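Submitted below is the structure of interest, expressed as structure tokens.
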2 protein chains.
Amino acid sequence: MNIGDVAARSGLPAKTIRYYEDIGLVTPKRSENGYRAFAEADLHKLAFLARARALGFSIEDCRALLGLYEDDARASADVRKLAVSHLAEIEDKIAQLREMQATLQVLVDACHGDNRPDCPILAGLSTTPRGG
Amino acid sequence: MNIGDVAARSGLPAKTIRYYEDIGLVTPKRSENGYRAFAEADLHKLAFLARARALGFSIEDCRALLGLYEDDARASADVRKLAVSHLAEIEDKIAQLREMQATLQVLVDACHGDNRPDCPILAGLSTTPRGG
DNA sequence: TCTTGACCTTACAGTGACTGGAAGCCTTAT
DNA sequence: ATAAGGCTTCCAGTCACTGTAAGGTCAAGA
């Protein structure tokens, strides 16, 4: 398979696949013409990566996950640990975003949004938030 | 005020303040010794920026917000529009993170997490997600 | 006066995970 | 023969900083 084929089948842009080769996540062989020659195993890896990335795992997490995936003697506890820690990160991010959302929603609700300059949003940004 | 003072009072690292000067968000005067000499107005701007950034606005949004803030003839509708659009982005991100969270939670719950290699998390990553 | 240490300056490189673009080679179809 | 499309490499740009190096400035103490 050429890079265009694996791109179509993995859902990853060709650019990204080249990048993944650069950083050593996949190591496709080369055809005589210099083109990357992907095996089914490479495609499988790339699809794995695409799914892990879609779940928000960092590249380094993905590298670790791939390593565990290919290690028949892995302990599922190691995988679970990675996933749990990533879940915690996700929850942190959600919490942060919810705080932003709540604060901003209050300001937006307070703003009449017409052509007058008076604006509670700017007022809120220009003064110390009432922290209690 | 020197940069250390405004850093302490705005909560922004000195590095970040220099960066904000580089990209034209603030333009402090200079003392004869070459040090940045911040006025109260600069500090106020930086605190504004710190709060807008804490709400997740991009630097370019912040630039626009600052422009509106300093424009006495602004329409509050313009500010509101920016804020509403940013709120939508926040909500999108939350929704995406919640999807990741849900998927990952299912996998984590299914994983016994002991020293056996059998692992539903890796299995889930290695096969096409059942999409319904 | 000298020194120490904290503060300030610039400039350049690195982060994460790509993405875009230029310049050029290879393949396939007409 | 040529044109279109796919492939190659390499370099630069994104976003918002952050780290580091090399050096200038200032206030306090011996």
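From a predicted model like this one, the values you see are computed outputs, not experimental measurements. Residue numbers begin at 1 in each chain, while the letters A, B, ... track the order of the sequences.
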- Task: Identify whether B/Ile23 and B/Leu12 are in the same connected component of the hydrophobic contact network (ILVMFWY, side-chain heavy atoms under 4.5 Å).
- Result: yes

- Note on the structure: chain B reaches DNA chain C, atoms under 4.0 Å from its heavy atoms, from C/dC7 to C/dA11

- Please walk me through it: do B/Arg116 and B/Asp118 pass salt bridge (charged side-chain N to carboxylate O under 4.0 Å, His left out)? CA-CA 6 Å; B/Arg116 286 173 296 168; B/Asp118 167 54; 5.7 Å; no

- Query: With sugar-phosphate meaning primed atoms plus P, OP1 and OP2, does A/Ile3 contact a base, only sugar-phosphate, or nothing at under 4.0 Å between heavy atoms?
  - Reply: sugar-phosphate

- For B/Glu21, the option from B/Lys45, B/Arg30, B/Lys15 that meets salt bridge (Lys or Arg N to Asp or Glu O under 4.0 Å): B/Arg30

- Which distance, rounded to the nearest 0.5 Å, do you find between the CD of A/Glu60 and the CG of A/Leu82? 11.0 Å

- Query: Can any side-chain N or O of B/Arg74 pair as donor or acceptor with the backbone N or O of B/Asp78 at less than 3.5 Å?
  - Reply: no

- Establish whether A/Ile59 and A/Tyr69 are linked, either directly or via other cluster members, by ILVMFWY side-chain heavy-atom contacts under 4.5 Å. yes

- Using chain B heavy atoms and a threshold of under 4.0 Å, write down where along DNA chain D the contacts begin and end, 5' to 3'. D/dA16 to D/dC26

- Message: Categorize A/Arg18 for me: base, sugar-phosphate, or nothing, with a 4.0 angstrom heavy-atom threshold over every strand shown.
- Response: base

- Using heavy atoms to find the nearest nucleotide of DNA chain D for A/Asn2 and B/Glu60 separately, return the residue whose nucleotide is more 5′. A/Asn2

- Query: When all nucleic acid strands are considered with a 4.0 Å heavy-atom cut-off, which category describes B/Tyr20: base, sugar-phosphate, or nothing?
  - Reply: sugar-phosphate

- Do any pairs count as a salt bridge (Lys or Arg N to Asp or Glu O under 4.0 Å) and have a residue in residues 88-113 of chain A, sequence neighbours left out, and if so which ones? none

- Any chance the side chains of B/Ser126 and A/His44 put a donor and an acceptor closer than 3.5 Å? no

- Task: On DNA chain C, check which nucleotide each of A/Ser58 and B/Arg36 is closest to and give me the residue with the more 5' one.
- Result: B/Arg36

